[in-house]
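Structure record follows, encoded as structure tokens.
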Amino acid sequence: MASGTSRDVVGRGLRVLGRAIREQPRIFAVAVSGSVLFGLMVIASAYVVGAVIGKVVVPAVARGSVTDGALALAAAALFGISVLRVVGIFGRRLGAGYMQYRLQATYRRRVTRRYLDLPLAWHHRNATGTLLSNANSDVEAAWYPIAPLPFAVGTLVMLVGAVVSLFLTDWALALVGLAVFPALFALNVVYSRRMAPRQARAQRLRAEVSGIAHESFDGALVVKTMGREAQETARFAARAGDLRDALISVGKLRGVFDPMLETLPSLGTLAVLVVGAVRLRQGAITVTELVSVAFLFTVLAFPVRAIGWVLAELPRSVAGWDRVRRVLDATGEMPYGEVALDPATPAPATLAFHDVHFGYEPAEAHLPGTEVLGEVTFTVPAGKTVALVGPTGAGKSTIASLAVRLVDPRTGTVTLDGVDVRELTAASLASTVALVAQVPFVFDDTVRANITLDRPGIGDEEVWAALRLAEADGFVAALPEGLDTMVGERGTSLSGGQRQRLTLARALAGRPRLLVLDDATSAVDPRVEAAILAGLRAPADGGAPASILVVAYRRATIALADEVIYVEHGRVVARGTHTDLLATVPGYADLVTAYEQAEQEREQTRTYDEVTPLTSGLEVEVDR
């Protein structure tokens, strides 16, 4: 694979650059125009300098004096050329920079948009650190050669002009140029081919280092409590060391080739002087022509390096583009339909599962998939509360994900008011259904922003109404700045129960007709949880109650449901009221009893911890 990449890296890299030019043709044209202007002025400056030396300086030395007119004319010519060169440099750099940063911004948006379009199953197979690297360093790497590209294109024009001018001056000097320029290009090609596998490995290791760092930071609590700091540090250090070695390998190769790339133009200048001296003695050229050609080789040394810069960055560009394209070409998106439920309908929605089967795709294509659900059929009637109960791994969270269409079933259908959720528009689905997940996610923003999410029609009145339903208005009102209080990254300034109630209020603010609670109140007091569910069933503001599908564990929560669906091994084993299942399903009774005993033990621990005498005689109340 590496050798194949080495052989075709130049071609693939040029195709990536071609894509960039097609996407930004006008900006590229401006940048290249500036570069061409600069190149032509470089050639012109060589011949102007030659003319000044041959026709002004040499005669002045011979006469022992210089005429003011000739000196003024030479200065004006050099100044005019310098001004035009500055204009060319400005246009080239401005256009190249604007083009590069615009492409990077465009592809960051495309990659991020693609992440949002791809299903959860795809995200499960890709590490978060890798995805962050794709959207950041890989995008930057893909378009990194854009900065020197216009300069290189202008340099090609300049080289053609230089070769033509050399032939017009003297064929022997032209042959020197024809020997130096192809040799320089060939050296760059060899350099790019050897650099390709090194750059690809370095780009892959950047993603791995990013992934390990993200895992360590995101799992800081686990790392600290399990005493794994040294092991995580060693794991990160090992990968960081591999990246260091890869980058050193890149640097070593550059250290070998850069001096060679710098030396070739200088050798060309030396060859020109040697050959030119011979031709001068033969009378084939004049001093003016020799100085012009020698100066031309001298000033060409730097622009010609622009071609080397582009070719040197092509391996990195190809490696970054391959990783970006892997995201953009990923399949499995979940297209939405064109059916929209009536937004003016205030009535609760009816959710129905019809013979649903579901399985997660394997992490690797050659491995078999995992069957999670089979023959799942049940209904959440309009305005009713249905509790999903089952042991760990039974498929309850998967059912919740199917209900809000985070994933689609392999076979069977999930319907809302009789319409397959796959036929609904994205807006209609989002306005009808809301999910409150097991792990509450809170943005590093204000309380208000976390609840509204910039959704239209949700003002402070609606925010406070949602907070009251979620039993969160009390603690929010007590915050230093109320709704304007910053909650910190992932809501670090809030307790677990407060975060859960805040995310519940976020879902309620949109007035969903179906609310899916995936163990969304586990961190709040059972009395608060009962008050929340009671409020959802009969809102105090007189609004229509939502249909509720709740993944529940506590007996008090389950008892509030109109119907209980008992799930084992991905299948619906029994359904009925809580009382009926307790009496008729031993597995259900054992599970609920075990949950209740565990809850009682937690409550006893809480009671002991909540009120603890201090030396001051005060009491400490633990915030739920």
Side-chain angles (χ1 to χ4, degrees), residues 1 5 8-28 30-31 93-119 122-123 125-153 192 195-215 217-218 239-240 242-243 246-247 250 306 309-333:
M1 185 67 181
T5 303
D8 64 2
V9 64
V10 174
R12 293 168 62 202
L14 293 177
R15 286 193 292 272
V16 174
L17 297 182
R19 173 184 287 268
I21 295 170
R22 289 193 299 273
E23 292 202 15
Q24 304 290 335
R26 294 182 180 178
I27 302 174
F28 181 73
V30 170
R93 290 189 175 180
L94 182 64
Y98 193 81
M99 181 179 177
Q100 181 184 31
Y101 297 135
R102 188 168 183 175
L103 281 167
Q104 289 175 354
T106 297
Y107 274 84
R108 281 195 181 98
R109 288 193 293 268
R110 289 182 184 178
V111 169
T112 303
R113 180 71 259 176
R114 193 64 184 150
Y115 287 161
L116 298 176
D117 290 338
L118 289 167
W122 185 87
H123 287 272
R125 297 193 300 270
N126 293 273
T128 303
T130 299
L131 302 186
L132 291 173
S133 179
N134 292 153
N136 187 28
S137 63
D138 291 335
V139 169
E140 287 185 358
W143 305 122
Y144 198 81
I146 295 301
L149 177 61
F151 196 7
V153 174
S192 298
M195 181 65 78
R198 291 172 171 83
Q199 288 283 21
R201 182 169 184 268
Q203 203 64 21
R204 175 176 56 81
L205 287 170
R206 282 188 179 96
E208 293 182 10
V209 168
S210 177
I212 294 174
H214 180 271
E215 282 184 348
F217 300 154
D218 210 34
R239 263 297 170 257
D242 291 340
L243 177 59
L247 294 176
V250 169
W309 296 335
V310 172
L311 294 175
E313 293 300 334
L314 285 184
R316 182 182 176 189
S317 175
V318 169
W321 174 248
D322 286 345
R323 294 171 64 83
V324 170
R325 190 178 60 182
R326 184 185 67 87
V327 176
L328 298 179
D329 294 346
T331 58
E333 67 270 22

key: salt bridge (charged side-chain N to carboxylate O under 4.0 Å, His left out) involving Arg110 - partner list, sequence neighbours excluded   = Glu23
request  = State, with a plain yes or no, whether a side-chain heavy atom of Asp322 is found less than 4.5 Å away from one of Arg325.
outcome  = yes
task = Identify, with sequence neighbours excluded, every residue that meets side-chain hydrogen bond (donor to acceptor under 3.5 Å, both in side chains) alongside Gln104.
result = none
query = Is any side-chain heavy atom of Asn134 less than 4.5 Å from a side-chain heavy atom of Leu131?
reply = yes
request  = Report yes if the side chains of Asn136 and Glu140 come closer than 4.5 Å at any heavy-atom pair, otherwise no.
outcome  = yes
task = Output the distance between atom CZ (Arg113) and atom CG (Leu116), rounded to the nearest 0.5 Å.
result = 5.0 Å
Arg108 side chain to Val139 backbone, donor-acceptor under 3.5 Å = no
note = The salt bridge (charged side-chain N to carboxylate O under 4.0 Å, His left out) partners of Arg239 (sequence neighbours excluded) come to Glu208, Asp242
ask   = Excluding sequence neighbours, so at least two apart, what forms side chain to side chain contact (heavy atoms under 4.5 Å, CB included) with Phe28?
value = Ile21, Val32, Met99, Leu149, Pro150, Val153
message = According to side chain to side chain contact (heavy atoms under 4.5 Å, CB included), who are the partners of Val16, at least two apart in sequence or on a separate chain?
response = Trp143, Ser317, Trp321
ask   = Got a sec, which residues hit salt bridge (charged side-chain N to carboxylate O under 4.0 Å, His left out) with Arg326, two or more places apart in sequence or on another chain?
value = none
request  = Would you please name every residue forming a side chain to side chain contact (heavy atoms under 4.5 Å, CB included) with Leu247, sequence neighbours left out?
outcome  = Ala202, Arg206, Leu243
key: Gap between atom CD of Gln24 and atom CD1 of Ile146 - 0.5 Å precision   = 9.0 Å
key: Residues forming a side chain to side chain contact (heavy atoms under 4.5 Å, CB included) with Ala135, sequence neighbours excluded   = Val111, Tyr115
task = Heavy atoms only: give me the nearest Val310-Pro145 pair and the separation to one decimal.
result = CG2-O, 4.3 Å
message = So which atom in Ala20 and which in Leu103 form the shortest heavy-atom distance, rounded to 0.1 Å?
response = CB-CD1, 3.5 Å
ask   = Could you go step by step and tell me if Asp138 and Val327 meet the side chain to side chain contact (heavy atoms under 4.5 Å, CB included) rule?
value = CA-CA 11 Å; Asp138 291 335; Val327 176; over 6 Å; no
inquiry  = Can you tell me how far apart CZ (Arg22) and CG (Leu17) are? Round to the nearest 0.5 Å.
reply    = 10.5 Å
